[in-house]
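As structure tokens, the structure follows; a few thoughts come after it.
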Amino acid sequence: LLCGACLSKLNPLRKTYQHQGMKLHVLYEYNEFIENMLFQYKEGLDTELRFCFLHEDRRYIEKRYKGHTLALMPSSKEKTQARGFHALAEMSNVLHLKKIQPFSKTEDRKQSSLNYEQRLQIGEIIRLDVTKTLPKKKLVLFDDVCTSGATLTKAYELLKQENITAEALVLCAHPLFIQNHT
């Protein structure tokens, strides 16, 4: 779905890192090209881009996570309503994996406008909906960008409180995150 010129602007990783006791699998290094694509998709409401993000890795992801359920990281209700779509839900629809949305945000905080220290506090607003039935195994936390890892860490901690284990998959990780985990 992406031309050769666009594909050459991606920095594929396909690496697994240990983060706060959780396996975190990263497909790409976050760079200006991915940042612009995500901005066009989310803020520019260019929903056709939803097919592009995971298309190149679809078979790899489906093989690696066969039988798993993706637990999508939350977007605020306000942001989802304003966009008219849940960005991660649409993005992950190219995958033939079961998906659930067990997490929510108690307030709208746009992470891209926060500095690194503020992003570390993002977990304060994430909640797990315990009324939803969650699989006890083969659960994969899914997010588009990992900058500090705070969102995934909070989601992982909430699941551990319910005696549920999980690992994580992200489209891309910020270079500082990668540097801090090597």
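All values below come from the heavy atoms of this structure, side chains included, with hydrogens, waters and symmetry mates left out.
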*Can you pull the ring pair (Phe, Tyr, Trp, His ring centres under 6.0 Å) pairs that have at least one residue in residues 126-156, sequence neighbours excluded?*
none
_Heavy-atom check, side chain of Ile126 versus side chain of Ser104, under 4.5 Å_ = no
*For Gln81, which residues count as a side chain to side chain donor-acceptor pair (under 3.5 Å) partner, sequence neighbours excluded?*
none
_With sequence neighbours excluded, residues passing ring-ring contact (aromatic ring centres under 6.0 Å, His included) with Phe177_ = His19, His181
*Please name the pair of heavy atoms, one in Asp144 and one in Met91, separated by the smallest distance, quoted to 0.1 Å.*
CB-CE, 4.1 Å
*asked:* Please enumerate all residues that pass side-chain contact (heavy atoms from CB on, under 4.5 Å) together with Lys99, with sequence neighbours excluded.
replied: Leu70, Ser92, Asn93
*Taking 4.0 angstrom as the limit, do Arg83 and Glu90 come out as a salt bridge?*
no
*Kindly give the heavy-atom pair with the smallest separation between Met73 and Thr151, and that separation in Å.*
SD-CG2, 3.8 Å
May I have the list of side-chain donor-acceptor pairs in residues 157-174 shorter than 3.5 Å, sequence neighbours left out?
from	atom 1	to	atom 2	distance (Å)
Glu167	OE2	Tyr65	OH	3.3
His174	ND1	Leu176	N	3.0

*asked:* Nearest 0.5 Å, please: how far is NZ in Lys136 from CG in Leu134?
replied: 7.0 Å
*Any side-chain hydrogen bond (donor to acceptor under 3.5 Å, both in side chains) involving residues 28-37? Give me the pairs, sequence neighbours left out, ordered by first then second residue.*
Asn11-Glu29, Tyr28-Asp57
*Under 6.0 Å from the NZ atom of Lys132, do we count more than 12 heavy atoms belonging to anything else shown?*
yes
*asked:* Can you tell whether the side chains of Glu62 and Arg58 come within less than 4.0 Å, N to carboxylate O?
replied: yes
*What residues, two or more places apart in sequence or in another chain, satisfy ring-ring contact (aromatic ring centres under 6.0 Å, His included) together with Tyr41?*
Phe53, Phe85
*For Thr80, which residues count as a side-chain contact (heavy atoms from CB on, under 4.5 Å) partner, sequence neighbours excluded?*
Ser75, His86
*With sequence neighbours left out, what residues match Tyr60 under ring-ring contact (aromatic ring centres under 6.0 Å, His included)?*
His25
_Could you work out, with side-chain contact (heavy atoms from CB on, under 4.5 Å) as the rule, every residue matching Cys52, not counting sequence neighbours?_
Leu1, Leu2, Met37, Leu49
*Applying side-chain contact (heavy atoms from CB on, under 4.5 Å), name anything that partners Ala71, two or more places apart in sequence or on another chain.*
Ile100, Pro102, Phe103, Leu139, Leu141
*Go through the structure and list residues passing side chain to side chain donor-acceptor pair (under 3.5 Å) with Thr131, not counting sequence neighbours.*
Asp129
